[in-house]
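Here's the structure we're looking at; comments come further down.
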Protein chains: 2
Amino acid sequence: MEGGLAQKIKLSTIADALGVSTATVSLALRDSPLVADATRDRIKDYARAIGYIYNRRAASLRTSRSGIVGVVVHDIMNPFFAEILRSIESELDRSGQTFILSNHYDQLEKQRTFIDTLLQLGADGVIMSPAIGTPREDIEMMEENGLPVVLIARQVEGALVPVFRGDDAYGIGLATNHLISLGHRRIAMIGGTDQTSTGRDRYRGYVLAMEKAGLEVKPDWRVPGPRTKQGGFEATGQFLALKDKPTAAVCWNDLVAIGLMNGIARAGLVPGVDISVTGYDDLEEAAIATPALTTVWNGQREVGRRAARALLDRLGGNHEPVTPDLIRPELHVRQSTGRPSQR
Amino acid sequence: MEGGLAQKIKLSTIADALGVSTATVSLALRDSPLVADATRDRIKDYARAIGYIYNRRAASLRTSRSGIVGVVVHDIMNPFFAEILRSIESELDRSGQTFILSNHYDQLEKQRTFIDTLLQLGADGVIMSPAIGTPREDIEMMEENGLPVVLIARQVEGALVPVFRGDDAYGIGLATNHLISLGHRRIAMIGGTDQTSTGRDRYRGYVLAMEKAGLEVKPDWRVPGPRTKQGGFEATGQFLALKDKPTAAVCWNDLVAIGLMNGIARAGLVPGVDISVTGYDDLEEAAIATPALTTVWNGQREVGRRAARALLDRLGGNHEPVTPDLIRPELHVRQSTGRPSQR
DNA sequence: CTGAAAGCGCTTACAG
DNA sequence: CTGAAAGCGCTTACAG
């Protein structure tokens, strides 16, 4: 029953002990129907008894299948990605694939280093939220080297690979229209960047909704940059000092919204009463924030699930046409939004 | 410059093209001083030009070094672990090791599956926060199979491997004493479990501090279980309904504390004024919570850094004696604690 | 249903 | 400073 490091146990150890060939052992351990039941059981029992450990590197060298899938995101400390990862994980788990994770922190070089590692390990595929500035050529290089790619959250212009993300322009429109319908006329947009497709789409959606309602869009009312709680918190001063005092803020995401609400509360105002705030993503946290956050459900679970399935499909040899499947967001109204107050 | 999948490029492709042996190419690519400078440059340039990809599986099969380190935690969605991971990542990065991550969600079976995978991949080592109920034998099995283990956050009774964690009894004592010194006499403890060494240590520390101050410790005043924001939030009702109405709560961690503060605010009370609350960990978030959270710094960065270094040391062949290095926590006083109010 | 043998792409003594 | 050859531990045609 002991593992023991004394003599490395390999297929041939078992073959020799049982008087069969390594081919038979190999097939038996993988439950091949080519092996007689009795032989198979005898082999598996013995292997277990002496603590045999399958050497995947050797197998993978021979089969050129590694059972490894790479996952690359901006930052796992961001709960948005953490929720996506969780659902990727549960899909991958049941397929027996191991996944390797890396944060690129939007540094192209870090992303490239990791992609290199994946190629060297012979990874079977990769799911990635590409770093800002990822060129189409990087994606093509991976595909050419036999590493199938599935993108999440962000697009790479011109890359012909599946992308799973929410319909950002539509989603931010839901939040903006909600505020407009409550009577808000001066609405700011806090956070986000124009450097990503997501950032551009959300800003566009906000502008579109404002214009459709015949409302003025002041460039000042956009405070770009913040993407974290800390960022939202720190943007409070700038927001409260805006000319014409907006009565509401459409935030880049839930983190920024929660940070901003904290900042607003510190300034002695009541978020949801004095100032309305919307988030984006509907993180688990949104529902228990104070006040509970009105936000846009962005389908993280769905994004992760579909991306993982799409990749597994490709690994299974399925070469379906690429459907650029936009997930339709939903507005979840809670307590952080209300009619505009006089201030 | 094209990568191309046409003909798989390997060492011998380069050797043939340049009229040298694969041994020379192998050595040159790894900057061996055995190869003449001119030869090395010629080889490296050519390799780059034709888009050669190093096959780590083959190398690893030969050298039995994989360059892979496993990291196993309870849940990466927990910011406590995310902060530890970040510092592990930065240490490992500079050593050129790739890391594979897995959550065990305190399920022993999931942890075992992952450990199996690491053994099969020939991982060089593993850093783990062991799942509840991990027996000493599991750790020993890994070590016997050549997989060095370093533990973080939790201990495994009887396992002779390095453990990096904070001094929990001491840390919770800091929080408890702080409340006592503010004049609190009825102090509850919210969250945590007796099933882990950490859980037992923190409860013990709380009890000890209370007794030292001559205060009564009512079993009722312990609300075990919660470990997340959601959990803290949901425990609010039970906490507010406690007999003899405690004026303060020592929480299991920052997440529970923030959830509880949200719940208290929803109930119309002001955390930090009507009821004092302390956290544990000092997550980045603690400072921007409303009110800013008084908490105990638990040295996440430090835990990650030291664990990674200890593992790398062991990989480097260093067999130093095991120092059970407890990190000394520090109290960070903010706005969530104050003198007891009459209620 | 089972076995003998080649080969996946590296690295490492060993010669020269 | 460089080359020829063995071997890491599997799997896969190919025979029988």
Side-chain angles (χ1 to χ4, degrees), chain A residues 5 7-44 46-47 50-68 116-117 119-124 145-146, chain B residues 5 7-44 46-47 50-68 116-117 119-124 145-146:
Chain A
L5 193 63
Q7 213 65 271
K8 194 78 187 166
I9 298 164
K10 44 192 173 182
L11 276 194
S12 64
T13 315
I14 301 174
D16 290 351
L18 264 42
V20 296
S21 75
T22 58
T24 302
V25 177
S26 172
L27 293 169
L29 290 180
R30 284 174 295 142
D31 287 319
S32 162
L34 290 174
V35 179
D37 286 7
T39 316
R40 173 167 40 70
D41 292 349
R42 209 156 54 95
I43 289 172
K44 293 184 90 167
Y46 186 72
I50 63 172
Y52 168 70
I53 291 170
Y54 179 66
N55 188 325
R56 263 164 73 162
R57 288 168 294 175
S60 151
L61 181 58
R62 182 59 227 254
T63 63
S64 62
R65 265 278 207 152
S66 64
I68 290 175
D116 245 40
T117 301
L119 289 167
Q120 295 182 0
L121 290 172
D124 295 334
N145 282 291
Chain B
L5 195 62
Q7 213 65 270
K8 195 76 187 166
I9 298 165
K10 44 193 175 181
L11 276 193
S12 64
T13 315
I14 301 174
D16 291 352
L18 265 43
V20 296
S21 74
T22 57
T24 302
V25 177
S26 172
L27 293 169
L29 291 179
R30 285 174 294 141
D31 288 320
S32 161
L34 290 175
V35 179
D37 287 6
T39 317
R40 174 167 38 70
D41 291 348
R42 207 156 56 94
I43 289 172
K44 292 185 91 167
Y46 186 72
I50 64 173
Y52 168 69
I53 292 169
Y54 178 68
N55 189 326
R56 263 164 72 162
R57 288 169 293 176
S60 150
L61 181 57
R62 183 59 227 256
T63 62
S64 62
R65 266 277 207 152
S66 64
I68 290 174
D116 246 40
T117 300
L119 289 167
Q120 295 182 0
L121 289 172
D124 295 334
N145 282 291

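Every chain is numbered from 1 and lettered A, B, ... according to where its sequence line falls, protein lines coming before strand lines. Small disclaimer: the values here were computed from a predicted structure and weren't measured.
- Within the structure, every pair that satisfies the salt bridge (Lys or Arg N to Asp or Glu O under 4.0 Å) test and touches residues 25-35 of chain A, not counting sequence neighbours, is listed here: Asp31(A)-Lys44(A).
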>> Generate the contact string for nucleotides 8-16 of chain D. Rules: B means base contact, S means sugar-phosphate contact only, - means no protein heavy atom under 4.0 Å.
In response: BBBBB----

Considering only distance and modelled atom types, tabulate donor-acceptor pairs under 3.5 Å from the side chains of residues 33-42 of chain B, sequence neighbours left out.
unit_1: Asp37(B); atom_1: OD1; unit_2: Arg40(B); atom_2: NH2; d: 2.9

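- Phosphate proximity of dT2(C) to Ser21(A): absent, as no side-chain N or O sits under 4.0 Å from OP1 or OP2.
- Remark: C1' of dG3(D) and CD1 of Ile43(B) are 12 Å apart, rounded to the nearest angstrom.
- Legend: residues meeting salt bridge (charged side-chain N to carboxylate O under 4.0 Å, His left out) with Arg65(A), ordered by chain and number and at least two apart, are Asp124(A).
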Kindly list each side-chain donor-acceptor pair under 3.5 angstrom involving residues 11-20 of chain A, sequence neighbours excluded, with atom names and distances?
unit_1: Thr13(A); atom_1: OG1; unit_2: Lys10(A); atom_2: N; d: 2.9
unit_1: Thr13(A); atom_1: OG1; unit_2: Lys10(A); atom_2: O; d: 3.2

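- The phosphate of dC1(C) (OP1 or OP2) has no side-chain N or O of Thr24(A) nearer than 4.0 angstrom.
- At the heavy-atom level, Gly122(B) lies nowhere under 4.0 Å from the strands shown.
- The side chain to side chain donor-acceptor pair (under 3.5 Å) search around Ser21(A) returns Thr24(A), not counting sequence neighbours.
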> How does DNA chain C look in dot-bracket form if you count Watson-Crick and G-U pairs under 3.5 Å, write [ ] for pairs that cross, and put | where a base pairs with another strand?
Replying inline: |||.||||||||.|||

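- If you take CZ on Arg57(A) and OG on Ser64(B), they are separated by 6.5 Å, rounding to the nearest 0.5 Å.
- With sequence neighbours left out, the side chain to side chain contact (heavy atoms under 4.5 Å, CB included) criterion links Ala58(A) to Asn55(A), Leu61(B).
- Applying the side chain to side chain donor-acceptor pair (under 3.5 Å) criterion to Thr117(A), with sequence neighbours excluded, gives no partner residue.
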